[in-house]
Amino acid sequence: MNPSILQTPIDYLKGVGPSRATLLRSELGIHTYQDLINLFPNRYLDKTQYYKINQLQRNSAEVQIIGKIINLKTVEQKRGKRLVAKFMDETGTIELVWFRGHKWIRENLKLNTSYVIFGKTKYYNGFNMPHPDMELLAEHEKNLRTAMQPIYPSTEKLSNKGITNRVMSKMMQQLFIETKVRFYDTLSQEIINDLKLISKSEAVFNVHFPKSQELLSKAQYRLKFEELFYIQLQLITKKLIRKHKIKGFPFTEVGAYFNDFYKNHLPFELTNAQKRVIKEIRNDIGSSAQMNRLLQGDVGSGKTIVGLMTMLLAIDNGFQACLMAPTAILANQHYMGIKELTKDLDINIKLLMGSSKVKERREIHEELENGTLHILIGTHAVLEDKVQFKNLGLAIIDEQHRFGVAQRAKLWHKNTYPPHILVMTATPIPRTLAMSLYGDLDISVIDELPPGRKAIKTVHRYDSNRLKVFKFITEEIQKGRQVYVVYPLIQESEAMDYKDLMDGYESIARSFPAPEYQISIVHGKMKPADKEYEMDRFVKGETQIMVATTVIEVGVNVPNASVMIIESAERFGLSQLHQLRGRVGRGAEQSFCILMTSFKLSADSKTRLETMVRTNDGFDIAEVDLKLRGPGDIMGTQQSGVLNLKIADIVRDNDILKTARYYAMKILKEDPSLSLEKNKVLLYTYQQLAKHKNIWNYIS
Ligand code: ADP
Ligand code: MG
């Protein structure tokens with residue numbers, strides 16, 4: 001094969017032309033022949049089967065029937081006309097229905113002539129098939145038939161402009177015939193033999209023109225494996241480079257700060273999971289390689305203390321540390337909490353936020369540069385170029401989903417060597433996803449909650465039960481507890497959402513009148529100072545109810561709050577619901593989460609609500625979430641390559657992913673630079689892929 005032919009602009013393909021090319025580019029990102037070849041079918045229709053009309057069943061997939069049209073009539077209805085044909089085979093009749101394109105059909109359809117029709121049937125006073133695919137039986141028999149007909153990804157605009165699936169298939173045929181594309185094999189003979197894979201050329205051909213179900217499966221396996229294999233190869237290479245080449249600062253000492261804190265000031269016994277994770281971290285930072293570790297732990301699992309103890313190790317070794325949080329509220333909470341925990345240690349800790357005063361900033365900059373500031377806690381403000389450390393050895397990022405790749409990279413340049421990095425996240429990332437997203441990170445998991453926590457009881461209630469819910473709140477408040485009421489805030493409908501929030505607030509204020517009850521309200525449109533004031537009143541227990549939008553989602557810690565009411569819960573995603581619920585259940589009391597919804601619920605909403613009621617386990621929830629939404633919508637995947645996968649699916653192809661990872665590791669272990677003769681093809685392909693930037697925009 002001449003690889004350059006694949007880089008030919010799509011305009012040059014016979015039958016494409018400038019206007020179609022423009023559409024292909026804008027709608028599907030197809031610029032070159034290669035891009036078209038990489039447009040893999042979403043699914044396939046089985047065209048080997050023919051149905052008789054008396055075999056039709058309700059709710060079946062697409063069917064293919066041979067028969068004749070015996071009459072055609074236009075039916076007037078309230079909303080426009082429809083064209084109805086009676087279609088008959090030797091076992092019965094069904095109706096074919098068209099809502100558009102009547103003229104063309106009337107002029108072209110032949111009565112009493114054999115057709116093969118294809119489509120999905122509906123049942124309403126008998127079977128009918130809206131907008132069937134039709135082909136004259138005579139034509140049908142002449143055509144080259146592939147058993148499985150590929151259905152290509154498309155958009156509304158494409159089909160409106162006449163680029164139907166049939167046109168797409170034609171273009172694909174044209175490409176394969178015109179260019180006689182052959183592919184050099186992109187995997188080594190060793191892998192091909194081991195896994196009994198079919199060749200690249202055979203795979204690409206059969207994925208577009210499957211000769212049989214069996215070959216199609218083999219083709220898909222081969223291409224999915226290859227795609228996942230090269231991603232893993234890249235992620236693992238990166239990790240190896242980091243481990244071997246990127247020097248870090250070895251924190252060899254376990255010194256006075258750490259020991260003093262551990263022996264004298266730790267307010268509780270660490271859980272086994274916390275101890276294990278601290279050990280994992282110590283192993284990393286004690287070596288001379290840079291640590292790049294993701295710490296996952298459900299809300300309330302106690303990640304902060306692990307972070308703090310890691311920072312103490314940094315200080316013990318003469319380094320500075322910083323802790324970054326995504327919101328001012330959370331940064332402030334970390335600051336207060338860590339100040340309190342370390343009040344008997346001689347440590348200088350400061351808080352830097354966007355709102356910090358000039359004088360404060362100047363002081364912070366100065367102390368960072370002369371080394372007298374040990375720990376800097378803050379928001380994105382920490383990343384500013386003006387913020388220079390004397391000797392930054394450790395950076396901790398809390399709730400990393402909110403921080404992009406570029407921001408993480410900025411931290412790397414705040415010292416001569418990159419500091420050790422610990423990323424803490426409360427959104428459990430399913431293992432499946434973690435492997436492909438963060439394959440270059442090491443992962444620690446706190447999978448155990450501190451003792452004495454009672455599992456949060458979660459229920460689902462309809463809006464019509466609001467009075468009962470209010471009664472329940474009243475009882476909890478009388479026991480001295482506090483309550484969150486959270487409203488959705490979704491950008492597009494902001495004005496509406498604010499109205500919901502304010503209406504809700506007023507209704508609560510009527511049911512819980514001052515002075516007996518005090519209510520805080522916090523939302524994104526408030527000035528930071530007002531937000532802080534309201535939060536603060538709730539934290540201090542001066543208010544019993546906190547009405548808020550999701551600004552409280554992340555990190556807020558009020559152990560006395562025992563009830564979380566989520567309004568319009570059907571509008572939240574699973575991970576968000578789980579995060580919100582994590583705001584309660586932080587104290588010793590039994591906590592509750594009440595999911596309020598209207599009666600109208602989609603199937604997905606129902607699954608989300610049921611999942612929340614069923615389990616408190618974040619990993620379990622994350623797996624359900626991943627299945628419901630696919631990886632594309634999971635937070636944090638946007639900037640990663642999983643979205644750009646051409647054929648593999650992180651969820652469904654998990655087994656292939658594991659195999660791919662196994663082979664990538666095995667090969668790199670034996671031949672880290674891929675310089676052995678047998679791996680030459682791997683190195684070449686890897687470099688080609690890097691050149692055309694298909695999959696290399698991964699998190700680093
Ligand atoms: P998260 O992992 O959500 O950040 P935090 O670090 O905020 O959790 O911890 C939640 C609460 O649990 C805090 O009040 C913290 O002091 C407490 N906590 C953490 N570890 C333990 C432990 N081992 N035993 C008892 N309480 C703990
Ligand atoms: Mg936290």
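In each ligand, atom 1 is the first atom listed, and ligand 1 is the first ligand listed.
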Salt bridge or not for Asp447 and Arg276, using N-O below 4.0 Å?
yes
Which class fits the ring pair Tyr484 and Phe538: parallel under 30°, tilted 30 to 60°, perpendicular over 60°?
tilted
Check each atom of ligand 1 against the heavy atoms of Arg453 and keep those under 4.0 Å away; list them by number with element.
11 (C), 12 (O), 17 (C)
Is Arg282 positioned over the aromatic face of Phe258, cation under 6.0 angstrom from the ring centre and no more than 45 degrees off axis?
yes
Considering only residues two or more places apart or on different chains, which pairs with a residue in residues 375-391 satisfy salt bridge (Lys or Arg N to Asp or Glu O under 4.0 Å)?
Arg361-Glu384
Which bit of Gln579 gets closer than 4.0 Å to ligand 1, counting heavy atoms only: side chain, backbone, both or neither?
neither
Contact between ligand 1 and Glu269 is defined here as a heavy atom of the residue under 4.0 Å from a ligand atom; is it met?
yes
One finds that the ligand 1 atoms under 4.0 Å from a non-hydrogen atom of Arg586 are 3 (O), 7 (O)
Any Gln296 heavy atom less than 4.0 Å to ligand 1
no
I'd like to check which ligand 1 atoms, numbered from 1 as shown, lie under 4.0 Å from a non-hydrogen atom of Asp298.
2 (O)
Is the Phe319-His420 ring centre distance short of 6.0 angstrom?
no
Numbering the atoms of ligand 1 from 1, which are under 4.0 Å from a heavy atom of Thr271?
23 (N)
Numbering as shown, the atoms of ligand 1 that approach Thr304 to under 4.0 Å (heavy-atom distance)
4 (O), 5 (P), 6 (O), 7 (O)
Looking at ligand 1, is there an atom of it that comes within less than 4.0 Å of some heavy atom belonging to Gly300?
yes
Leu270 neighbourhood, listing ligand 1 atoms whose heavy-atom distance to it stays under 4.0 Å:
23 (N)
Asn560 (side chain) donor-acceptor with Gly480 (main chain) under 3.5 angstrom
yes
Under 3.5 Å, is there a donor-acceptor pair between the side chain of Gln274 and the main chain of Gly302?
yes
Nearest option to atom 8 (O) of ligand 1, as decided by whichever heavy atom of Gly302, Pro267, Ala273 sits closest
Gly302
Are Glu475 and Lys479 within salt-bridge range, i.e. N to O under 4.0 Å?
no
